[in-house]
2 protein chains.
Amino acid sequence: MKTDFAASQLEALGKPTRLEIFRTLIRAGNEGLPVGALQERLDIAPSTLSHHLKTLLISGLITQERQATTLICRANYQSMQELIDYLMAECCIEGKGITEPGCSSSRC
Amino acid sequence: MKTDFAASQLEALGKPTRLEIFRTLIRAGNEGLPVGALQERLDIAPSTLSHHLKTLLISGLITQERQATTLICRANYQSMQELIDYLMAECCIEGKGITEPGCSSSRC
DNA sequence: ATTATAATTCGATAATTCCAGAAATACAGT
DNA sequence: ACTGTATTTCTGGAATTATCGAATTATAAT
């Protein structure tokens, strides 16, 4: 994974509003949620929500599927997992081989 | 973990420059790296690096320890792990109980 | 005290980002 | 075609952020 790509995903999650949107979708599971339902739950202006969803969509962290007039949004679990893996991927690679306290990477 | 706190950590990691700094420290392990070593490796202006380190420090993702004139920087593995846990904590909690493809949370 | 090294703060500029209201678009039903 | 609902795009002002050079602070050695 390229640094810029990972950073764009982290940045997408780096605002409370967008993080709440994402976590709401994470909670929703594979059923997902329509944009309108998100808008009601989180009480964000529709245009603002749309922008945030676009940011999350472009970053690959969510997907959208059209069902007639409503757009179902879903968290992209795979993308999320890849991001987490990236963060820890080379954990302690330069260390002296001793166990790194607090590091829960499989490497350490 | 509060949303705002998690978002501030994600935001700290959400710029390529800071993400590289952090991953360099993740690779370095518990030995850590002096600010100067980071500056050489990543070729960032000292003042810019200092600002980014401050951001990471405030967010709790790194720690610093003074050794005479040099400042040793270390990734905070525990803080990192808590952040990752937070992202997945309530994964699929509203789902119908069916396995969520792509979701690797222990819950699913 | 003086010097040297390490790192931060200051100040300034350019660029980015957030947010919401208004208008526009997409789609389904009548 | 018309209407209603859902969502996006356009626009722009306000606020934040990134970046760097220059000056400053902190610490240790002589």
Side-chain angles (χ1 to χ4, degrees), chain A residues 2-25 28 31-75, chain B residues 3-25 28 31-76:
Chain A
K2 239 175 76 273
T3 300
D4 287 1
F5 180 67
S8 79
Q9 291 190 321
L10 291 161
E11 186 173 43
L13 296 174
K15 291 289 167 183
T17 308
R18 279 197 299 263
L19 183 54
E20 269 310 297
I21 293 169
F22 183 72
R23 295 217 332 133
T24 301
L25 292 177
E31 288 172 73
L33 279 176
V35 175
L38 281 169
Q39 200 259 315
E40 274 185 11
R41 289 197 197 195
L42 301 174
D43 195 31
I44 314 170
S47 64
T48 304
L49 176 58
S50 185
H51 271 301
H52 287 319
L53 288 174
K54 190 177 182 181
T55 301
L56 290 166
L57 186 64
I58 289 175
S59 78
L61 285 166
I62 69 169
T63 61
Q64 290 183 324
E65 181 199 356
R66 176 134 239 144
Q67 287 184 1
T69 62
T70 76
L71 254 188
I72 308 294
C73 304
R74 294 187 180 86
Chain B
T3 300
D4 287 1
F5 180 67
S8 78
Q9 291 190 322
L10 290 162
E11 186 173 43
L13 296 175
K15 292 289 169 184
T17 307
R18 279 196 299 264
L19 184 54
E20 270 310 296
I21 293 169
F22 183 73
R23 295 219 331 135
T24 300
L25 292 177
E31 289 171 74
L33 279 176
V35 175
L38 279 170
Q39 199 260 314
E40 275 185 10
R41 288 198 197 193
L42 301 174
D43 195 31
I44 312 171
S47 63
T48 304
L49 176 59
S50 185
H51 273 300
H52 286 317
L53 287 173
K54 190 177 182 182
T55 301
L56 289 167
L57 186 65
I58 289 174
S59 78
L61 285 166
I62 70 170
T63 62
Q64 291 184 324
E65 181 198 356
R66 175 136 239 143
Q67 287 184 1
T69 62
T70 75
L71 254 189
I72 309 293
C73 305
R74 295 186 179 85
N76 184 344

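Sequence lines set the chain letters: A, B, ... in the order given, protein chains first and strands last, and positions in each chain run from 1. Fair warning: this is a prediction, and the values are worked out from it, not measured in the lab.
A donor-acceptor contact shorter than 3.5 Å links the side chain of B:Thr55 to the backbone of B:His51. Of the possible donor and acceptor atoms, none in the side chain of B:Ser50 sits under 3.5 Å from a partner among the backbone N and O of B:Pro46. Not a single donor-acceptor pair under 3.5 Å links the side chain of A:Gln39 to the backbone N or O of A:Leu49.
Contact check for B:Leu38 versus B:Leu53: side-chain heavy atoms found under the 4.5 Å cut-off. Looking at heavy atoms from C-beta onward, B:Pro34 lies out of side-chain contact with B:Leu71 at the 4.5 angstrom threshold.
Residue B:Leu71 places its side chain closer to C:dT8 than to any other of D:dA6, D:dT8, C:dT8.
Here the C1' atom of nucleotide C:dC27 and the CD atom of A:Glu65 are 15 Å apart, to the nearest Å. In this entry the distance linking CD of B:Gln39 with C1' of C:dA7 reads 10 Å, nearest Å. Taking atom CG of A:Asp4 as the reference point, atom P of C:dT16 lies 14 Å away to the nearest angstrom. Following rounding to the nearest Å, A:Leu53 (CG) and C:dA20 (C1') show an atom-to-atom distance of 15 Å. Nucleotide C:dC18 holds its C1' atom 17 Å from the CG atom of A:Leu13, rounded to whole Å. If you take CD of A:Gln64 and P of C:dC27, they are 13 Å apart, rounded to a whole angstrom. Between A:Glu40 atom CD and D:dA6 atom C1' there is a gap of 12 Å when expressed in whole angstrom units. Taking atom CG of residue A:Leu49 and atom P of nucleotide D:dT9, one finds them 13 Å apart after rounding to whole Å.
For the atom pair CG (A:Leu56) and CD (A:Gln64), the distance works out to 9.5 Å, reported to the nearest 0.5 Å. Distance check, rounded to the nearest 0.5 Å: CG of B:Leu33 to CZ of B:Arg74 gives 9.5 Å. Here OG of A:Ser59 is found 13.0 Å from NZ of A:Lys54. Values are rounded to the nearest 0.5 Å.
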Hey, mind stepping through B:Leu42 and B:Thr24 against side chain to side chain contact (heavy atoms under 4.5 Å, CB included) and telling me if it holds? CA-CA 9 Å; B:Leu42 301 174; B:Thr24 300; 3.8 Å; yes
Produce a footprint string for nucleotides 11-23 of chain D: one letter per nucleotide, 5' end first; B if the base is under 4.0 Å from any protein heavy atom, S if only the sugar-phosphate is, - if neither. -------SBBBB-
Close N/O contacts between protein and nucleotides 25-30 of chain D (under 3.5 Å):
none

